[in-house]
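Computed from a predicted model, the values in this text were never measured in an experiment.
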Amino acid sequence: MIRMLLVGFAKLFLRMRYRFEVEGLEKIPAGQRLLFLPNHPALIDPVIMMSLLYLKYRPRPLADQAQVGVPLVRRIVGLANPVVIPDLTKAGKSAQQATIEAMQQIIDGLNSGDNVLLYPSGRLYRTKCEKLAGSSAVKQIVDNVPDVQIVLVRTSGLWGSSFGWGGGQSPNLVRQLLKSIWIVLAGLLLFVPKRRLKIEFEIPADFPKGKDKQTINNYME
């Protein structure tokens with residue numbers, strides 16, 4: 001019941017701030033071993049993804065330790081049984097073992113029938129387009145869970161949001177959420193334009209499983 005209430009609140013909050021156009025989600029069958037792979041333009045898009053996916057698919061999200069460090073956020077995210085990963089750009093080599101263990105949790109979860117929400121780049125956009133560089137998470141997963149069903153997700157319209165790097169500085173999830181709450185409250189009295197978002201879901205027929213890391217990353221980009 002708590003999870004359903006949180007999803008309902010998130011949908012209500014997001015609908016007051018954004019205007020959504022969702023394509024292809026109705027074609028994604030509810031099943032097991034679904035690996036949702038979205039692009040990552042802003043810190044708010046995991047909230048959007050979970051609001052769309054949780055009730056039907058129950059995906060386990062990856063959560064950045066730095067972003068869920070606030071107790072209230074950690075408790076809310078914890079309801080979704082996340083896999084918490086360290087921020088390698090801040091933690092350095094000391095976090096490598098924790099990252100390896102997190103990846104094994106993902107693989108074990110998928111092999112046990114879990115669905116997973118994973119951002120292939122592992123970080124927010126720094127430019128208007130996704131750059132996966134040497135990211136190897138998806139390659140590692142498809143090699144170890146060959147029957148995983150890939151679902152690609154593309155969100156358009158968030159570049160330039162205060163939740164991303166479009167404003168020229170590193171965003172803070174809690175600070176921007178509080179700011180957005182004030183904007184939504186103001187919108188109850190004044191007209192506040194909604195940001196238009198397009199979210200596309202697709203099960204690719206030609207995903208290059210079995211190929212090298214760079215081929216997989218180029219395909220996803």
Side-chain angles (χ1 to χ4, degrees), residues 24-25 27-43 45-46 48-50 52-54 56-68 77-78 80-127 129-155 199-221:
L25 182 57
K27 299 178 183 178
I28 309 301
Q32 295 181 329
R33 296 190 179 91
L34 296 174
L35 179 60
F36 293 92
L37 300 175
N39 59 334
H40 199 8
L43 290 175
D45 59 73
I48 294 171
M49 286 297 110
M50 290 301 287
L52 292 172
L53 299 176
Y54 187 76
K56 184 175 181 179
Y57 303 99
R58 295 289 200 278
R60 294 186 65 185
L62 265 70
D64 187 318
Q65 194 172 45
Q67 295 295 341
V68 299
V77 173
N81 191 23
V83 177
V84 179
I85 57 172
D87 185 345
L88 289 178
T89 62
K90 297 178 180 178
K93 293 183 178 180
S94 64
Q96 289 184 357
Q97 183 59 39
T99 302
I100 293 171
E101 293 172 0
M103 286 301 303
Q104 192 59 51
Q105 282 188 59
I106 295 168
I107 291 168
D108 292 343
L110 286 167
N111 279 321
S112 298
D114 288 343
N115 297 328
V116 170
L117 174 66
L118 179 145
Y119 287 84
S121 65
R123 66 172 196 167
L124 294 176
Y125 279 19
R126 295 304 195 272
T127 62
C129 296
E130 185 91 272
K131 299 294 182 184
L132 300 184
S135 300
S136 60
V138 175
K139 166 66 174 172
Q140 185 177 348
I141 291 170
V142 297
D143 283 352
N144 286 276
V145 193
D147 62 340
V148 67
Q149 178 65 74
I150 300 294
V151 182
L152 298 180
V153 190
R154 177 169 57 203
T155 299
I199 305 171
E200 303 165 85
F201 293 82
E202 181 178 345
I203 295 178
D206 58 347
F207 193 89
K209 290 183 180 180
K211 301 295 184 180
D212 62 272
K213 175 182 68 177
Q214 199 57 52
T215 299
I216 290 174
N217 287 354
N218 288 345
Y219 180 93
M220 289 189 292
E221 286 182 350

- To the nearest 0.5 Å, what is the distance between CD (Q104) and OG1 (T99)?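 Separation between the atoms: 13.0 Å.
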- Message: Is a donor from one side chain sitting under 3.5 angstrom from an acceptor on the other, for Q140 and N144?
- Response: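 There is no such pair (donor and acceptor under 3.5 Å, judged by atom type) between the side chains of Q140 and N144.
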- May I have the step-by-step check of side-chain contact (heavy atoms from CB on, under 4.5 Å) for Y57 and V151, ending in yes or no? CA-CA 12 Å; Y57 303 99; V151 182; over 6 Å; no
- Item | Intermediate values then yes/no, side-chain contact (heavy atoms from CB on, under 4.5 Å), K209 and V148 | CA-CA 10 Å; K209 290 183 180 180; V148 67; 4.1 Å; yes
- Any donor-acceptor N/O pair, K56 side chain to P29 backbone, under 3.5 Å: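 Checking the backbone N and O of P29 against the side chain of K56, no donor-acceptor pair under 3.5 Å is found.
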- Does a sphere of radius 6.0 Å around CZ in R33 hold more than 12 heavy atoms from other residues, nucleotides or ligands, not counting ones at 6.0 Å or beyond?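 More than 12 within 6.0 Å, yes.
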- Task: For the residue pair F201 and F36, categorise the inter-ring angle as parallel (less than 30°), tilted (30 to 60°) or perpendicular (more than 60°).
- Result: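 It falls in the perpendicular class, over 60°.
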- Message: If I compare all heavy atoms of L34 with all of N115, which pair ends up nearest, and what's the gap?
- Response: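 Closest approach of L34 to N115, heavy atoms only: N-OD1, 2.9 Å.
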- What distance separates D45 CG from N39 CG, expressed to the nearest 0.5 Å?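 These two atoms lie 7.0 Å from each other.
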- Task: Would you mind telling me which of V142, I141, I203 makes a side-chain contact (heavy atoms from CB on, under 4.5 Å) with I150?
- Result: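 Answer after filtering V142, I141, I203: V142.
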- What pair of heavy atoms forms the shortest contact from A137 to M103, and how long is it?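 Smallest heavy-atom distance, with atoms named: O-CE, 3.7 Å.
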- Query: Under 4.5 Å between any side-chain heavy atoms of L25 and L53, yes or no?
  - Reply: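 SC-SC contact between L25 and L53 confirmed.
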- Message: Would you compute the distance between atom CG of L132 and atom NZ of K213 and round it to the nearest 0.5 angstrom?
- Response: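 That separation rounds to 11.0 Å.
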- Query: Of all heavy-atom pairs between P38 and P120, which one has the smallest distance, and what is that distance?
  - Reply: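 Heavy atoms of P38 and P120 come nearest at O-CD, 3.2 Å.
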- V138 vs F207 side-chain heavy atoms within contact, under 4.5 Å: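 Side chain of V138 against side chain of F207, heavy atoms only: contact under 4.5 Å found.
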- So, for P204 and Y219, which heavy atoms are closest and what is the spacing to 0.1 Å?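 It is CB-OH, 3.2 Å.
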- Item | Trace of the side-chain contact (heavy atoms from CB on, under 4.5 Å) decision for I199 with L52 | CA-CA 10 Å; I199 305 171; L52 292 172; 3.8 Å; yes
- Query: Of the non-hydrogen atoms in S121 and H40, which two are nearest, and what is the gap between them?
  - Reply: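 That would be OG-CB, 4.2 Å.
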- Answer with yes or no whether the side chains of Q214 and N218 bring together a donor and an acceptor at under 3.5 Å.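 There is such a pair between these side chains.
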- Which distance, rounded to the nearest 0.5 Å, do you find between the CZ of R154 and the CD of E130?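 It is 11.5 Å, given to the nearest 0.5 Å.
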- Query: Which distance, rounded to the nearest 0.5 Å, do you find between the CG of L152 and the CG of L35?
  - Reply: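 Taking CG in L152 and CG in L35, the distance rounds to 9.0 Å.
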- Query: Can you name the nearest heavy-atom pair linking L110 to D114, along with the distance?
  - Reply: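 The answer is CD2-O, 3.3 Å.
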- Distance, nearest 0.5 Å, that separates CD of Q32 from CD of Q149: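 These two atoms lie 13.0 Å from each other.
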